[in-house]
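For ligands, and for the atoms within them, numbers begin at 1 and follow the listed sequence.
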Amino acid sequence: MIYFITSNDGKFKEAKLFLRKNYNVEIERIKGIEVPEIQSDKLEEIAEFSLNFLLQKNKAPQFVEDAGLFIEILNGFPGPYSAYVYKTIGNQGILNLLKPIRGNNEVKAYFKAVIAYYDFKNNKNVLFEGISHGLISDRIKGDKGWGFDPIFIPIEGNGMTFAEMGIENKNKYSHRIDALKKLGNYIKKFGV
Ligand code: ITT
């Protein structure tokens, strides 16, 4: 068993389903831990900083994940600031920003997730990265997801947003799963 420390229910559910089904790995969550997040334009730095903070309190097999949505025409915005931007302007705010500049063109974007895992056996941090490429929809579509799911259409998703496809299908294409596969394979090879 390993801990996934996150305040985000959507992330936790997706990871739990995937790791149990594919790697027979159980994850648990400790609620109520306030993890400070540094301001940085690198997801890797943010994730590792949070992990190191947790390790000072509890040396246990555990991981954190930092993720963001990078929109090409906005030079990668909101990227590492995604949680803040989602809270302040939300999906409609992103669509409003894009409206005057998108014309009839596709708006390319990708989600990226970085997992920072503490390998208890070998007493070291290991990072795993995952990416999902896609497009930003011109309107909000679907009610099955969370965060930016209703405006993100993964390349392989037949035109559906993550929020239209639901967790099982989102888990076929998502950045989080891309990173979790690497974590799962690492655990398979080296144990917990
Ligand atoms: P933690 O406690 O794990 O940090 P958080 O929600 O603050 O939870 P992040 O700092 O990694 O997570 O912020 C990532 C933001 O990017 C998140 O709040 C969403 O707005 C967006 N995001 C990341 N992955 C997403 C996904 O799979 N679907 C939809 N939105 C996503």
Side-chain angles (χ1 to χ4, degrees), residues 2-19 27-54 62-71 74 76-95 97 109-118 127-137 140-157 160-181 183:
I2 55 182
Y3 293 106
F4 178 17
I5 310 295
T6 176
S7 63
N8 184 312
D9 294 342
K11 283 187 183 180
F12 187 76
K13 260 189 218 151
E14 290 168 14
K16 189 161 187 74
L17 183 75
F18 177 78
L19 288 173
I27 57 171
E28 291 292 333
R29 197 173 175 188
I30 308 171
K31 287 211 173 170
I33 304 182
E34 290 279 333
V35 185
E37 257 186 29
I38 46 160
Q39 288 285 335
S40 161
D41 57 9
K42 292 202 180 61
L43 297 179
E44 289 80 1
E45 274 178 21
I46 302 171
E48 201 166 13
F49 179 88
S50 299
L51 181 62
N52 286 336
F53 170 85
L54 288 165
Q62 57 188 317
F63 65 97
V64 294
E65 181 228 87
D66 206 70
L69 176 66
F70 296 73
I71 302 175
L74 301 178
F77 180 84
Y81 309 105
S82 292
Y84 179 71
V85 170
Y86 180 75
K87 259 185 257 156
T88 49
I89 63 171
N91 285 314
Q92 194 55 52
I94 294 283
L95 296 182
L97 277 180
Y110 62 89
F111 266 122
K112 178 172 167 181
V114 174
I115 289 174
Y117 169 66
Y118 176 59
L127 300 186
F128 304 99
E129 158 188 315
I131 290 201
S132 173
H133 288 280
L135 301 174
I136 302 297
S137 164
I140 289 172
K141 288 196 292 177
D143 56 10
K144 294 183 193 134
W146 53 276
F148 295 121
D149 283 345
I151 59 166
F152 184 79
I153 302 170
I155 292 291
E156 316 89 331
M160 280 199 280
T161 65
F162 271 162
E164 287 179 293
M165 55 180 68
I167 188 168
E168 295 267 0
N169 281 323
K170 176 180 175 184
N171 272 2
K172 290 184 192 156
Y173 315 120
S174 96
H175 49 306
R176 179 155 303 104
I177 297 311
D178 192 23
L180 284 167
K181 272 181 197 158
L183 171 66

Asker: With Glu65, which of Thr6, Asn8, Ile115 fulfils side chain to side chain contact (heavy atoms under 4.5 Å, CB included)?
Answerer: Ile115
Asker: Roughly how far, to the nearest 0.5 Å, is CG of Leu180 from CG of Asp178?
Answerer: 9.5 Å
Asker: Specify whether Phe128 and Tyr117 have parallel, tilted or perpendicular ring planes, treating 30° as the upper limit for parallel and 60° as the lower limit for perpendicular.
Answerer: tilted
Asker: Would you tabulate the polar-atom pairs, meaning N/O of ligand 1 against N/O of the protein, with distances under 3.5 Å, reported to 0.1 Å?
Answerer:
| unit_1 | atom_1 | unit_2 | atom_2 | d |
| --- | --- | --- | --- | --- |
| ligand 1 | 2 (O) | Ser7 | N | 2.8 |
| ligand 1 | 2 (O) | Ser7 | OG | 2.6 |
| ligand 1 | 3 (O) | Thr6 | OG1 | 2.6 |
| ligand 1 | 3 (O) | Lys11 | NZ | 2.8 |
| ligand 1 | 4 (O) | Glu37 | OE2 | 3.1 |
| ligand 1 | 6 (O) | Asn8 | ND2 | 2.9 |
| ligand 1 | 10 (O) | Glu37 | OE2 | 3.1 |
| ligand 1 | 10 (O) | Asp66 | OD1 | 3.3 |
| ligand 1 | 11 (O) | Lys11 | NZ | 2.8 |
| ligand 1 | 11 (O) | Ala67 | N | 2.9 |
| ligand 1 | 12 (O) | Lys11 | NZ | 3.0 |
| ligand 1 | 24 (N) | His175 | NE2 | 3.1 |
| ligand 1 | 24 (N) | Arg176 | NH2 | 3.0 |
| ligand 1 | 27 (O) | Lys170 | NZ | 2.7 |
| ligand 1 | 27 (O) | His175 | NE2 | 3.3 |
| ligand 1 | 27 (O) | Arg176 | NH1 | 2.9 |
| ligand 1 | 28 (N) | Asp149 | OD1 | 2.6 |
| ligand 1 | 28 (N) | Lys170 | NZ | 3.2 |
| ligand 1 | 30 (N) | Phe148 | N | 3.0 |

Asker: In terms of ring plane angle, is the pair Tyr86 and Phe148 parallel, tilted or perpendicular, where the classes change at 30° and 60°?
Answerer: perpendicular
Asker: How are the rings of Phe70 and Tyr110 set to each other: parallel, tilted or perpendicular (split at 30° and 60°)?
Answerer: parallel
Asker: Before we go on, tell me: are the rings of Phe111 and Phe152 under 6.0 Å apart, centre to centre?
Answerer: yes
